[in-house]
Each structure stands twice: as structure tokens, then as C-alpha cells.
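Shown next, in C-alpha cells, is the structure this report addresses.
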Amino acid sequence: MAGVAAQLLGTGTALLCLNSLYVGPVASTLNGADVRALVGPLVEGLTRSTAATS
């Protein structure tokens, strides 16, 4: 179950950084920088490691 939650949080965070048809708030703040490939896996990894230690 922790893996599913981590995947959903990572995907949701990545969508906030999207810069294509929809420009997310993070991408807008960074003047259009598309950082979803960096942020999504980072949040997912942190979520999985936190869930595994709980």
C-alpha cells in the first residue's frame, strides 16, 4: 500500500511542475522550467522510504 501512495504523491507532485498544454504553478514560478522528471521521483522515493521506516 505504501508503494501506491508513493506513486500517487510522486505523480501529483510531477503534475504541479508540468509545462506543456497545462502549465503547473511550480513551472510558472520557474519561468516555464519543466522539472517534473526531477521532482516526481524525488518525492516518490522520500515517501517510500518514510513509509518503510514507519
>> Test of understanding: with side-chain contact (heavy atoms from CB on, under 4.5 Å), list the residues that count as partners of V23, not counting sequence neighbours.
In response: N19, A27, S28

> What are the two closest non-hydrogen atoms of T13 and L9, and how far apart are they?
Replying inline: OG1-O, 2.8 Å

> Can you list the residues that meet the side-chain contact (heavy atoms from CB on, under 4.5 Å) rule with L30, with sequence neighbours excluded?
Replying inline: V26, A33, V35

> Do L42 and L38 come within less than 4.5 Å of each other through their side chains, counting heavy atoms only?
Replying inline: no

